[in-house]
> 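What follows is a structure written as structure tokens; I'll ask about it next.
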Amino acid sequence: LLDSATGSPVEGALVLLLTEVGDEAGGYLTNQAGRFIISAPQTGTYTLRAERIGYETTSSEAFRLARSQQFGINIETAQAAIELEGIRVEADQQCVVRPVEGLQLAEVWEEARKALTVQDWTEREGSYRFQVTRYERELDVHARTVISETRQVMTGVRGVPIRSRPAEELLKEGFIRDDGNSIYEYYGPDASVLLSDLFLDTHCLRLTADPNREKELGLAFEPIRRGGIPDIAGTLWLDAETARLQALEYRYTWAPWEEVRGVARGQVGFENLPSGAWVIRNWWIQMPIVAMDMSIARAQRTAGIRLIGIKEVGGGITRFTSLEEGKTSEMPTGALEGQVWDSTQQAPLNGATVYLSGTQYAAETDAGGSFLISD
């Protein structure tokens, strides 16, 4: 795979082998030399499609493969880069099912689709091993204070560390399930769900913006069907400059009790590895914790359900190993710094221990009251 403008090899692009009817028959992420190798499942006529984040998709001419044939081909990527920065979001943007080519909405969905396709492909290939930290927290009713937390570190996890239920099952039976004892299980979407025909036929898309995400463009989705099936609505956030997928935020459109409507929600963060592979960097789902208050039930003649807390289940990837290269790498981390001030002495506080609530991260302040949690 070569860049048509420079002639140089393109690394980290997904090349898919497609049958005559457009079904995927194989794929490969190009290496540093731009090379790929795909084994066709059987003889037949195929085409290749090269997908590169931020650039137009390129397809080859159709070609015929015979048994045991070794077929070589060079593909040149399209020169035109996708520009999302100039896209304006209108306040009365219409929500569209399967936006047609030519609409700005379709351009944004195409970039999100590419990243989700690579993430789904990376998971199915299982070419990486991950070290994963999972946690379970109890939060206060405002989801701001961590009351308790347990953590578990797992190594050697193959594929993406979260997997949703099959798309057909979720979209027909719902993203929230009752086990029969009024205990509810909450499921989030993965790439295979968001890419499924059933999801795209039952949800519409529109562009959105958020003043807190000035450098990102949002692709919002919501269900078009009415009824009691527990569904989800949310937003895929893309970097407006690079067109890279950053995050998925979603909320549940149904609640088992009116008193907790709008509480359950989730988030997924994405990471583009140096090889071009896309993985889920971190994720969480928040679910209501309720209690029955008989005094409320008698006074208001209701079920007496009261929100007493929020359960959050999530995790993240801290290290990954490429099975092809045999190389282990750490995920990029962030730093947290600040200062503790003694209000009684009107001076910096030395020797105080600062904890990141609910986690194992901590640091001590120096003589200037400053602290740094570097990892």
Side-chain angles (χ1 to χ4, degrees), residues 130-155 157 161-162 188 209-216 218 235 237 239-241 244 246-251 260 262-273 279-291 306-320 328-375:
F130 299 103
Q131 176 177 292
V132 177
T133 300
R134 293 182 182 270
Y135 68 82
E136 186 171 314
R137 295 171 177 163
E138 182 179 344
L139 311 175
D140 71 344
V141 293
H142 303 293
R144 291 177 181 168
T145 302
V146 179
I147 298 170
S148 64
E149 177 181 284
T150 58
R151 280 180 173 252
Q152 179 185 15
V153 177
M154 296 175 293
T155 59
V157 177
I162 65 170
D210 185 340
N212 295 318
R213 292 177 174 268
E214 293 182 354
K215 297 182 179 180
E216 296 178 8
T235 305
W237 292 103
D239 186 296
E241 182 180 355
R244 293 175 181 269
Q246 303 294 303
L248 161 66
E249 298 176 335
Y250 62 93
R251 65 187 186 280
V260 297
V263 172
R265 60 198 184 106
Q267 183 169 301
V268 177
F270 298 93
E271 187 82 26
N272 187 206
L273 302 184
V279 296
I280 292 176
R281 168 69 187 270
N282 47 57
W283 68 94
W284 51 259
I285 296 178
Q286 293 181 350
M287 301 153 278
I289 302 173
V290 301
R306 181 166 59 91
L307 180 68
I308 61 172
I310 293 174
K311 178 181 178 181
E312 179 177 296
V313 177
I317 295 173
T318 54
R319 183 179 299 141
F320 63 94
T328 298
S329 304
E330 301 289 332
M331 295 295 278
T333 58
L336 178 66
E337 59 182 337
Q339 187 183 44
V340 179
W341 194 258
D342 185 342
S343 62
T344 63
Q345 301 292 326
Q346 293 299 308
L349 185 61
N350 182 22
T353 303
V354 180
Y355 295 95
L356 189 59
S357 180
T359 77
Q360 75 273 32
Y361 299 112
E364 276 205 5
T365 58
D366 59 19
S370 298
F371 66 90
L372 173 66
I373 303 176
S374 59
D375 56 352

> How far apart are the closest heavy atoms of P288 and V263, and which atoms are they?
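So the two residues come closest at CB-CG1, 4.0 Å.
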
> Distance check, rounded to the nearest 0.5 Å: N282 atom CG versus I317 atom CD1?
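These two atoms lie 8.5 Å from each other.
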
> Taking all heavy atoms of A363 and all of F371, pick out the closest pair and write down the distance.
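Where A363 meets F371 most closely, the heavy atoms are CB-CB, 4.3 Å.
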
> Could you check L273 against F320 for side chain to side chain contact (heavy atoms under 4.5 Å, CB included), going step by step and ending with a plain yes or no?
CA-CA 9 Å; L273 302 184; F320 63 94; 3.9 Å; yes

> What's the shortest heavy-atom distance between Q339 and G368, and which atoms?
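That closest heavy-atom pairing would be NE2-O, 2.8 Å.
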
> So do the side chains of R137 and W284 get within less than 4.5 Å of each other, counting heavy atoms only?
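No, their side chains stay 4.5 Å or more apart.
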
> Between T145 (side chain) and D140 (backbone), is there a donor-acceptor pair under 3.5 Å?
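Side chain of T145 to backbone of D140: no pair is present.
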
> What residues form a salt bridge (Lys or Arg N to Asp or Glu O under 4.0 Å) with E136, not counting sequence neighbours?
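Expected list: K311.
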
> Measure across V290 and V260 and return the closest heavy-atom pair with its distance rounded to 0.1 Å.
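Heavy atoms of V290 and V260 come nearest at CG1-CG1, 3.6 Å.
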
> For V141 and I310, run side chain to side chain contact (heavy atoms under 4.5 Å, CB included): C-alpha distance rounded to whole Å, both residues' side-chain angles, the deciding distance at 0.1 Å, then the answer.
CA-CA 6 Å; V141 293; I310 293 174; 5.7 Å; no

> Roughly how far apart are R151 CZ and T133 OG1, rounded to 0.5 Å?
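The CZ atom of R151 sits 6.0 Å away from the OG1 atom of T133.
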
> Would you say the side chain of T318 lies within less than 4.5 Å of the side chain of M331, judging by non-hydrogen atoms?
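M331 vs T318: side chains apart.
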
> Can a donor-acceptor pair be found, under 3.5 Å and without considering hydrogens, that links the side chain of E337 to the backbone of A335?
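Checking the backbone N and O of A335 against the side chain of E337, no donor-acceptor pair under 3.5 Å is found.
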
> Picking from E249, E216, Q246, what satisfies side chain to side chain donor-acceptor pair (under 3.5 Å) with W237?
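Of E249, E216, Q246, side chain to side chain donor-acceptor pair (under 3.5 Å) with W237 is met by E249 alone.
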
> With sequence neighbours left out, write down each residue that passes salt bridge (Lys or Arg N to Asp or Glu O under 4.0 Å) with E330, or none if nothing qualifies.
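Salt bridge (Lys or Arg N to Asp or Glu O under 4.0 Å) check on E330 returns R319.
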
> Does R281 use its side chain to pair, donor to acceptor, with the backbone of P332 at less than 3.5 Å?
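Yes, the answer is positive, given that a donor and an acceptor are paired below the 3.5 Å cut-off.
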
> Taking all non-hydrogen atoms of both residues, which atom of G369 and which atom of P348 are closest, and how far apart?
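That would be N-CB, 3.7 Å.
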
> Does CZ belonging to R213 count more than 12 external heavy atoms closer than 6.0 Å?
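More than 12 within 6.0 Å, yes.
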
> With rounding to the nearest 0.5 angstrom, report the CD to CD distance, E149 to E138.
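Separation between the atoms: 12.0 Å.
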
> Rounded to the nearest 0.5 Å, how far apart are CZ of R244 and CZ of F270?
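If I round to the nearest 0.5 Å, the distance is 14.0 Å.
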
> Give the minimum heavy-atom separation between W283 and Y135, together with the two atoms involved.
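Shortest heavy-atom separation between W283 and Y135 comes out as O-OH, 4.2 Å.
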
> Just verifying a value: how many Å separate L307 CG and I289 CD1, rounded to the nearest 0.5 Å?
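Here the interatomic distance stands at 8.5 Å.
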
> Among side-chain atoms of Q267 and Y250, is any donor-acceptor pair under 3.5 angstrom?
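No, Y250 and Q267 have no side-chain donor paired with an acceptor closer than 3.5 Å.
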
> Under 4.5 Å between any side-chain heavy atoms of R134 and M154, yes or no?
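SC-SC contact between R134 and M154 confirmed.
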
> Rounded to the nearest 0.5 Å, how far does CG of D210 lie from OG1 of T235?
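So the OG1 of T235 and the CG of D210 are separated by 8.5 Å.
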
> Distance-only, no hydrogens or angles: does the Q345 side chain make a donor-acceptor pair with backbone N or O of D342 under 3.5 Å?
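Answer holds: no.
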
